[in-house]
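So you know, we letter chains A, B, ... as the sequences are listed, proteins then strands, and number each from 1. Just so you know, these numbers come straight off a predicted model, no measurement behind them.
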Number of protein chains: 2
Amino acid sequence: MPQSGKHVTLKDLAAHAGVSRSTVSLVLQESPLVARHTRERVMAAARALGYVYNRGAATLRSARTATIGVVVHDIANPFFGAMVAGIDETLQNADYVSFLAGTGDSPARQQRLVQRLREQRIDALLLCPAENTPDALINTINTWGLPCIEVMRHVGEMPRGHYVGADIRTGLGRAVAHLVDQGHHRIALLTGAGHSSSDRERIAGYQHAMHEAGLAPDIRTGRNELTRCAGLERTLEIMRETSPPTALICHNDLMALGALLALARLNLTPGVDCAVIGIDDSDEAALSEPALCSLATHPHAIGQAAAELALACIAAPDSAPRRIVLDTSLRIRASADPSLYRLQESS
Amino acid sequence: MPQSGKHVTLKDLAAHAGVSRSTVSLVLQESPLVARHTRERVMAAARALGYVYNRGAATLRSARTATIGVVVHDIANPFFGAMVAGIDETLQNADYVSFLAGTGDSPARQQRLVQRLREQRIDALLLCPAENTPDALINTINTWGLPCIEVMRHVGEMPRGHYVGADIRTGLGRAVAHLVDQGHHRIALLTGAGHSSSDRERIAGYQHAMHEAGLAPDIRTGRNELTRCAGLERTLEIMRETSPPTALICHNDLMALGALLALARLNLTPGVDCAVIGIDDSDEAALSEPALCSLATHPHAIGQAAAELALACIAAPDSAPRRIVLDTSLRIRASADPSLYRLQESS
DNA sequence: GAAGCGTTTTGGATCGATCCAAATGCGACT
DNA sequence: AGTCGCATTTGGATCGATCCAAAACGCTTC
């Protein structure tokens, strides 16, 4: 059926269906103005000729691309994998399609990418900004009139535009409260170098929670590595101190899993000798040995929310900045609750 | 600096620089035809007016979008995360940008996505096809003249067009050989339902390797779940048999890690009572307890190779189908080699 | 049969770039 | 001075859709 000749255009359709180009255009836009039988004739022609809508051409006139850009700092990170899946799901339902690109935390590459995407005339941008992104970037994007939603991270102390993230602060409150319930007093926070907004958020939330509980904060910033390996090494160091903490809250699940490994190597029992709580509740958490207690951040839901906000911004530009902060939930498991220890055995 | 008025077009640039539109166009395409001082004047005008190239408009005339589509069946899968990172890296160097979308293994959604991307006039398509993709799809895409590269999976018995994947077959040969070296005879393969081409590839490679070694194959297909959980449950079942295998090769690392958990629950020592080998060599593998022996498939490199092939296809359309099969390497670790057991302790 | 009115349809201009054949400028050579 | 060659530059047509104001149509109503 498909023509092997050149491209079939709307003009060809018009000729084949015996109507004008304008009418065909209306049909393609599903306009209610056109009579039912005309629509059907045009649709039939489209099928017969193997017509393919040319979105680029439409864009040129109408300035809508049905396209959004997603820029994250680390594509390979499973958290972003899940987030991107959420974004994709929502966008597909709206018949949007998205560009995905990674910056590897380089502001320069980020700058180039944003420019590149602007040339593609994306309708909106979901940005999980690289560290040390200059404040100017967000302003610049705003002056372009390009709706931009910061996700998970934000440049500057407070998000200045639209923002979607997880309520780490309250979540850390829950984590600390749980540990206090379990009788812990020496609760340490293991995090990155403290430069990224995700570090700062964790530190602030932790400090607040510790203060509420009347405990002295014990913040262990590390290098910027947030990997299993970093968690392992850092924990080995810490647990060899003379009076080490009895509970560790880690920047993410990877580090927490590393911490569990470290405890195992030192022949300490996680959850008994030292409680460990991660952040993200990734797939690994529930299935590690022992199961890792983790603060669930729901990346999929965050992705969905961000995509929905983007669509809303496109529909109503220049709406007031919205800040969507999704609730987190503490998944209590053996690594921070000895009473659950090995219960799963019976499965 | 940026104009707050309407859009700055190439025509405005021409006026500002005192040359014709054609000349400006040549400058933007970095054509060598234009005199140096003219180029500089135009560039200066572009900066002064805050000009943004409109790729959509250019596309309309020149039929090149500098855009490719990436369609995978499971976006959230870390393997694809790494692969997409490789693709992205290569494309960014070529100043291409990519659409990413997931099918969730639904041929219908895949069909819609491919159509949608075609409307965007992508220059090439990287496709990791959904299971049960109709053979017709690849043919159809080919008649469209859209360069398509199948990645990791392929529809039909053999890839009919361009293909990039990992040489699982030879890799499994190495895995089996290693296990035989270690004195194993009852070596089982744990895989999915056997419907996807990745299942079939593993089964074929395993059968071949076992045959070479003069051993009887023992294939344990499961449901389609390829998760840690599936690996755990399946292994619990298998190891409770009267004479269970002494070595398990698992469909991927997730399942293998699940298998390790199962062994731990049964108080069996992985690598001693039962060897376990995974496939992918994901980050988790090296750091699990015990370290997981795994067949590295290098998703990042596969992504790069696929993207490079795509660029090559764009440069030279209708070139003969190429099949790039990247080598794998067996990462021998404690889970399949007791002599390495707990050596890492000393780290 | 003309006027009035709501529903459909239409032609031409337009979006912002590229392509191409032809024009221009300029120095060298006869 | 006239001609040729080379490096630059140019106008107009074009890509494939949308937008808009106006035309055509069909029906009632006077």
*How would you give the extent of chain A contacts on DNA chain D, as first and last nucleotide 5' to 3' within a 4.0 Å heavy-atom cut-off?*
D:dG16 to D:dC19

*asked:* At 10 degrees resolution, what angle do the end axes of the helix from C:dG1-D:dC30 to C:dT30-D:dA1 form when each is taken over five base pairs?
replied: 70°

*When you check the side-chain N and O atoms of A:Ser22 and A:Ser25, is any donor under 3.5 Å from an acceptor?*
no

*To the nearest Å, how far apart are A:Leu33 CG and C:dT10 P?*
13 Å

*ring-ring contact (aromatic ring centres under 6.0 Å, His included) contacts in which one or both residues fall within residues 57-78 of chain A, not counting sequence neighbours*: A:His73-A:Phe80

*Non-hydrogen side-chain atoms of A:Arg121 and B:Asn54 separated by less than 4.5 Å*: yes

Which protein N or O atoms sit under 3.5 Å from an N or O of nucleotides 21-26 of chain C?
none

*Report the distance from atom CG of B:Leu49 to atom CG of B:Asp12, rounding to the nearest 0.5 Å.*
7.0 Å

*Rounded to the nearest 0.5 Å, how far does CD of B:Gln115 lie from OH of A:Tyr53?*
14.0 Å

_Per the side chain to side chain donor-acceptor pair (under 3.5 Å) rule, what does the pair list look like for residues 99-110 of chain A, sequence neighbours excluded?_
A:Asp105-A:Arg153, A:Arg109-B:Gln92, A:Gln110-A:Thr133

*Taking only heavy atoms on the protein side, list every residue of residues 9-21 of chain A lying under 4.0 Å from any atom of DNA chain D, sorted numerically.*
A:Thr9, A:Leu10, A:Arg21

*With sugar-phosphate meaning primed atoms plus P, OP1 and OP2, does A:Ser62 contact a base, only sugar-phosphate, or nothing at under 4.0 Å between heavy atoms?*
sugar-phosphate

*Indicate, with a heavy-atom threshold strictly under 4.0 Å, whether B:Thr59 touches base, sugar-phosphate, or nothing.*
nothing

*Just by modelled atom types, is the A:Ile314 backbone N or O under 3.5 Å from a matching donor or acceptor in the A:Asp123 side chain?*
no

